[in-house]
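What follows is one structure encoded as structure tokens, with my remarks underneath.
Just so it is clear, the model here is predicted, and its values are computed rather than measured. By convention in this document, chain letters (A, B, ...) are assigned in the order of the sequence lines, proteins followed by strands, and residues within each chain are numbered from 1. Reckoned from all heavy atoms, side chains included, excluding hydrogens, waters and symmetry mates.
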Number of protein chains: 2
Amino acid sequence: MSATIARKRISESTIHRLSLYYRTLSLLEKENYETVSSKELAKREKLTPAQVRKDLSFFGSFGTRGLGYNVNELKLKIESILGIDREWRVALIGVGNIGSALVSYKEFARQGFHIIKLFDNDQRKIGSNHKGIVVSDIKDLEKEVKEANISMVILAVPATVSQYIVDDVVKAGVTAILNFAPVNLRVPPFVHLRNENMSMELEYLSFAMVNNHAPKKPK
Amino acid sequence: MSATIARKRISESTIHRLSLYYRTLSLLEKENYETVSSKELAKREKLTPAQVRKDLSFFGSFGTRGLGYNVNELKLKIESILGIDREWRVALIGVGNIGSALVSYKEFARQGFHIIKLFDNDQRKIGSNHKGIVVSDIKDLEKEVKEANISMVILAVPATVSQYIVDDVVKAGVTAILNFAPVNLRVPPFVHLRNENMSMELEYLSFAMVNNHAPKKPK
DNA sequence: TACTTCTTGTGAACCATTTCACATGACTCC
DNA sequence: GGAGTCATGTGAAATGGTTCACAAGAAGTA
Ligand SMILES: NC(=O)c1ccc[n+]([C@@H]2O[C@H](COP(=O)([O-])OP(=O)(O)OC[C@H]3O[C@@H](n4cnc5c(N)ncnc54)[C@H](O)[C@@H]3O)[C@@H](O)[C@H]2O)c1
Ligand SMILES: NC(=O)c1ccc[n+]([C@@H]2O[C@H](COP(=O)([O-])OP(=O)(O)OC[C@H]3O[C@@H](n4cnc5c(N)ncnc54)[C@H](O)[C@@H]3O)[C@@H](O)[C@H]2O)c1
């Protein structure tokens, strides 16, 4: 039975926690840990051991009773579940403040997300070189996205133009989009869209401070 | 009764949705809407009308039966609930790729988050000017944070040093931290810590693609 | 082999969040 | 002012997510 074929619908929180486990397992591997228990993993993530075991149990049984999980083995399993055991071909649109920062971010490539195309509509940016990638004209989006076999797009353009660009991106056949603009974008039902909203986290902090909310587990 | 005094513990999802409502209300205001129904608000956020009404009901009753909510009035209420009806004095630590992008981001100030101090440990950056703010030496963190009456910190330093810096930030009396490094930071129980983790959203997209998850409501 | 210790995997119980459904109130129009 | 329409606010029901609790497997010891 393949680990990635999930029977039940898996919750968003479970997937997010898998990301956390993955990061911690990478660390444990560097620290030369051979095995790790759900208890130890939970402690590091400020979760309960039962939560860790339940999350993993949706995808199979990877541990050994009495021993725990083999660190490297579990890491590979999670890689396969999350689909980061392959090379994703990613285009980034909008090489501005945040876009430039993202291009320089090496962690993405380490997890299989390879930004191999950049697009902008600013003549001063088109043709310029960022980390070895030449910025393309947004006008050539459809053609170049198809040619380069891009399957994911990071959108870092002003909110005002995001919807137009997303429409073009969808036309070009891309089905996964990570959007940084603070807008609700419309996409067809077969396209996966996630939003990165930094104001939201600041607002959460603000709410917590004003309401003297006892801080609980950080997100 | 003050709207910000919440009787029950309010869920994280409710607060995040308030952020969404706030953004949409700002938009509706610009579009000269006088009132808005839970139905319309829900449609724009891809939620149910009941969800919208329930979220708001935790804080009071702001609507008019048969009419809906007054756009401006509700916006002000949410501002007060989220605590963004005031000026937050924010310091940003680590003026690198992502740090520079965040300093340039005007949206934060518009929501009351004023970045008024920058810190770095790189001699080439210390003393330089970013958007009118001179970068301070991280060595002076405690002194300057206290002097400037900072109450929130955005942390954009390498993961390897984040814990040390966070310890200093806490020593300086700051109780709200937004961390961009992919690490689990330890803070005392009275400090609010949130993490911004961009890899997580890419990994979610990857998972969704690989598992042919029917895309649902975007985050 | 028998005994102890450790820790998984998982139904069942518990708790939280979302959705339903409807009584209630506000406004409009004849 | 009575009838009709619309949309809120909220208990109650339904759904979904987390934690409990324990049977059972694995390894070590003697
Ligand atoms: N800067 C931040 O820290 C930050 C934080 C959170 C969210 N965001 C969001 O990210 C987006 C980008 O922000 P930024 O600060 O990088 O802005 P920016 O203006 O620096 O960058 C936007 C880039 O998009 C390009 N662009 C504009 N129209 C285009 C088009 N039609 N086709 C292709 N490219 C186009 C511009 O030339 C520019 O290079 C915005 O939606 C912003 O709200 C930014
Ligand atoms: N670049 C991105 O797009 C991106 C995306 C997600 C997360 N992050 C995270 O954000 C953090 C910063 O990333 P970046 O790409 O901006 O890196 P960067 O190296 O460009 O910036 C880091 C900055 O921190 C400063 N710094 C280092 N040690 C310091 C210290 N002890 N005290 C004060 N300042 C110090 C450096 O001088 C530099 O200016 C990292 O943890 C990274 O993982 C970055």
### Summary
What residues 28-42 of chain A contributes to the DNA chain C interface at heavy-atom separation below 4.0 Å is S37(A), S38(A)

### Task
Test N184(B) against every option in R23(A), K46(A), R44(A) by the side-chain hydrogen bond (donor to acceptor under 3.5 Å, both in side chains) rule and name the one that passes.
R23(A)

### Pairs touching residues 93-119 of chain B that satisfy salt bridge (Lys or Arg N to Asp or Glu O under 4.0 Å), sequence neighbours left out
E107(B)-R110(B), K117(B)-E144(B)

Contacts under 3.5 Å, N or O only, protein and nucleotides 23-25 of chain D:
{"unit_1": "dA24(D)", "atom_1": "N3", "unit_2": "R65(A)", "atom_2": "NH1", "d": "3.2"}
{"unit_1": "dG25(D)", "atom_1": "N2", "unit_2": "R65(A)", "atom_2": "O", "d": "3.4"}
{"unit_1": "dG25(D)", "atom_1": "N2", "unit_2": "G66(A)", "atom_2": "N", "d": "3.0"}

#### Entry: Qualifying salt bridge (Lys or Arg N to Asp or Glu O under 4.0 Å) pairs with a residue from residues 169-192 of chain A, counting only residues at least two apart or across chains
D168(A)-K171(A)

### Query
When you check the phosphate oxygens OP1 and OP2 of dG9(D), does a side-chain N or O of Y69(B) lie under 4.0 Å from one of them?
yes

#### Entry: E142(A): salt bridge (Lys or Arg N to Asp or Glu O under 4.0 Å) partners, not counting sequence neighbours
K146(A)

### Query
Between dT17(C) atom P and R9(B) atom CZ, what is the distance in whole Å?
8 Å

### Message
The criterion is side chain to side chain contact (heavy atoms under 4.5 Å, CB included); which residues satisfy it with S38(B), sequence neighbours excluded?
### Response
P49(B), V52(B), R53(B), Y69(B)

### Summary
In whole angstroms, the gap separating P of dT17(C) from CD of E12(A) amounts to 15 Å

### Task
Name every residue in residues 48-56 of chain A that has at least one heavy atom under 4.0 Å from any atom of DNA chain D, in order of residue number, or write none if there are no such residues.
T48(A), A50(A), Q51(A), R53(A), K54(A)

### Query
So F113(A) and W88(A), would you call those rings parallel, tilted or perpendicular, with 30° and 60° as cut-offs?
parallel

### Message
Side chains of L178(B) and F180(B), heavy atoms from C-beta outward: is any pair under 4.5 Å?
### Response
yes

### Task
May I ask you to check whether N70(A) and T35(A) show a side-chain donor-acceptor distance below 3.5 Å?
no

### Message
Just so I know, are the side chains of L205(B) and M152(A) near enough to count as touching, which here means a heavy-atom distance under 4.5 Å?
### Response
yes

### Integer-rounded Å distance: dG16(D) P and I10(A) CD1
13 Å

### Query
With K43(A), which residues qualify under side chain to side chain contact (heavy atoms under 4.5 Å, CB included), at least two apart?
E40(A)

#### Entry: S57(B): partners by side chain to side chain contact (heavy atoms under 4.5 Å, CB included), with sequence neighbours left out
K54(B)

### Message
Suppose the criterion is side-chain hydrogen bond (donor to acceptor under 3.5 Å, both in side chains): which pairs have a residue in residues 92-101 of chain A, not counting sequence neighbours?
### Response
none

### Task
Determine to 10° how strongly the helix from dT1(C)-dA30(D) to dC30(C)-dG1(D) is bent, judged from the axes of its five-pair ends.
10°

### Task
Write out all pairs satisfying salt bridge (Lys or Arg N to Asp or Glu O under 4.0 Å) with one or both partners inside residues 56-72 of chain B, taking only residues at least two apart or from two chains.
none

